[in-house]
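Below is one structure, written out as C-alpha cells; comments come after it.
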Amino acid sequence: MCGRYTLHGSPAALKAHFGTTNELDLKPRFNIAPSQTVPVIGLDATGNRVFIEARWGLIPSWVKDSAELQQPINAKAETAAIKPMFRHAYRKSRILVPADGFYEWVVKNGKQPYLIRLKDNEPMGMGGLLEHWQGPEGEVKTFTILTINANPLMAKIHERMPVIIRPEHYGSWLDKGLTDVIKIQEMVQPYPERFMEAYPVSRAVNSPAHDSKELIEAVEG
DNA sequence: CCAGACGTTGTT
DNA sequence: GTCTGG
DNA sequence: CCAGACGTTGTT
DNA sequence: GTCTGG
C-alpha cells in the first residue's frame with residue numbers, strides 16, 4: 001500500500017514534470033504521513049493544471065461529522081469505481097499525488113522500512129482521489145491514494161503498491177470529462193518493475209516526527 | 001418504510 | 001487491544 | 001503507515 | 001448522497 005512518502009524535488013523540477021501553472025511553496029519532505037496537508041495536482045476552473053493543498057485522508061462530501069467516519073488514506077483501485085465512498089471522485093475528481101518515492105515496511109526484527117523510487121529519479125504521479133468537504137470551519141479538501149497489486153519487484157516487500165500514472169496519461173487522468181470507468185481502469189495498472197528500485201532505509205523513518213534527507217539513504221537491511 | 005453503513009492493511 | 005496524532 | 005497513549009479529581 | 005439490511 002502506501003502510507004508514507006517523500007516529496008523533495010525542487011518546485012521548478014516538479015512544475016516541469018507535471019506541467020503545473022501555479023507557484024508551489026514547498027520545503028523538501030522526506031516523511032509525509034497521513035493527516036498532513038500537502039500539494040496534489042488537479043485542474044482549476046479554467047482547466048489549468050495546478051498544485052492544490054489537500055489533507056491526506058479522504059472525507060466524502062456527504063459526511064456530517066468527520067470524526068464519525070474513518071478517513072481512508074488508500075482506496076483499492078479494483079473497486080473504487082463502485083464503492084460509495086470513492087466512486088464519485090473516481091469518475092469526477094481524480095488527482096495526481098506528486099512523490100519522489102514512497103516507503104513500505106517489512107516485518108523483520110521489528111519493522112524495516114524500504115524506500116521505493118524510480119530508477120531515473122523522476123518524480124512520480126500517484127493516482128489519487130480528491131473530495132471537498134464542508135466542515136464547521138469551512139471547506140476542507142482531502143484525498144486518498146489508489147493502490148493495486150504489487151509488481152514482482154514490489155511483491156518481495158509488500159503485496160500492494162500505490163497506483164503510479166504514466167506521464168503520457170496525466171492529461172486524461174485529470175480530465176473531468178473522462179468518466180468512462182473502462183477507460184479510467186486502463187490507466188490504473190501496476191507500474192512496470194523495470195523502471196523502479198527499492199532499498200532498505202533507516203528505521204528512523206518509522207516515526208513521523210523524523211523528516212530529514214538522511215531518511216532516504218540506503219542502509220544494510 | 002427507516003436506520004445504519006459507507007475503508008484498507010496486516011495479522012490472527 | 002484499539003484509538004489518535006502526525 | 002508507525003508511535004504512543006490509553007484517566008479522574010481537585011488544586012494551583 | 002446512496003445502498004443494504006431489517
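Throughout, a chain's letter reflects where its sequence line sits, starting with A, and its residues are numbered from 1.
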Integer angstrom distance from the [atom1] of [N] to that of [M]:
N: D:dC2; M: B:dT8; atom1: C1'; value: 15 Å
N: D:dA5; M: B:dA5; atom1: C1'; value: 28 Å
N: C:dG6; M: B:dC6; atom1: C1'; value: 25 Å
N: C:dG1; M: D:dG10; atom1: C1'; value: 31 Å
N: B:dG7; M: D:dA3; atom1: P; value: 28 Å

N/O-N/O pairs, protein side and nucleotides 2-6 of chain C side, under 3.5 Å:
unit_1, atom_1, unit_2, atom_2, d
C:dG6, N7, A:Pro34, O, 3.2
C:dG6, N7, A:Ser35, OG, 2.7

(request) Dump the intermediate steps for salt bridge (charged side-chain N to carboxylate O under 4.0 Å, His left out) on A:Arg29 and A:Asp211, then the final yes or no. (result) CA-CA 7 Å; A:Arg29 293 297 312 275; A:Asp211 188 354; 2.5 Å; yes

Across the strands shown, which category fits [X] at heavy-atom distances under 4.0 angstrom: base, sugar-phosphate, nothing?
X: A:Phe86; result: sugar-phosphate
X: A:Thr147; result: sugar-phosphate
X: A:Arg87; result: sugar-phosphate
X: A:Thr37; result: nothing
X: A:Val63; result: nothing

(request) Output yes when A:Lys76 and A:Glu78 qualify as a salt bridge under the 4.0 Å nitrogen-oxygen rule, no when they do not. (result) no

Calculate the interatomic distance between [X] atom [atom1] and [N] atom [atom2]; express it in whole Å.
X: A:Trp133; N: B:dC6; atom1: CH2; atom2: C1'; answer: 15 Å
X: A:Gln112; N: D:dC2; atom1: CD; atom2: C1'; answer: 14 Å
X: A:His88; N: B:dC6; atom1: NE2; atom2: C1'; answer: 15 Å
X: A:Trp62; N: B:dC6; atom1: CH2; atom2: P; answer: 9 Å

(message) Looking at A:Asp120, I want to see if its CG is surrounded by more than 12 non-hydrogen atoms of other residues, nucleotides or ligands under 6.0 Å.
(response) yes

(request) Would you tell me if any nitrogen or oxygen in the side chain of A:Thr144 comes within less than 4.0 Å of OP1 or OP2 on B:dG7? (result) no

(message) With a 4.0 Å cutoff (strictly under), does any side-chain N or O of A:Lys111 reach OP1 or OP2 of D:dC2?
(response) yes

(request) Using the six-membered ring wherever Trp is involved, compare the ring planes of A:Trp173 and A:Tyr90 and label them parallel, tilted or perpendicular (cut-offs 30° and 60°). (result) perpendicular

(request) Hunt down the Watson-Crick or G-U wobble partner of D:dA5, both distances under 3.5 Å, from any strand shown, or write none. (result) C:dT2

(request) Flag the pair A:Arg166 / A:Tyr191 as yes when at least one side-chain heavy-atom distance between them is below 4.5 Å, and no otherwise. (result) yes

(request) Decide yes or no for A:Tyr170 and A:His17: does some side-chain heavy atom of the first lie under 4.5 Å from some side-chain heavy atom of the second? (result) yes

(message) Once rounded to the nearest 0.5 Å, what's the spacing between atom OH of A:Tyr199 and atom CD1 of A:Ile157?
(response) 11.5 Å

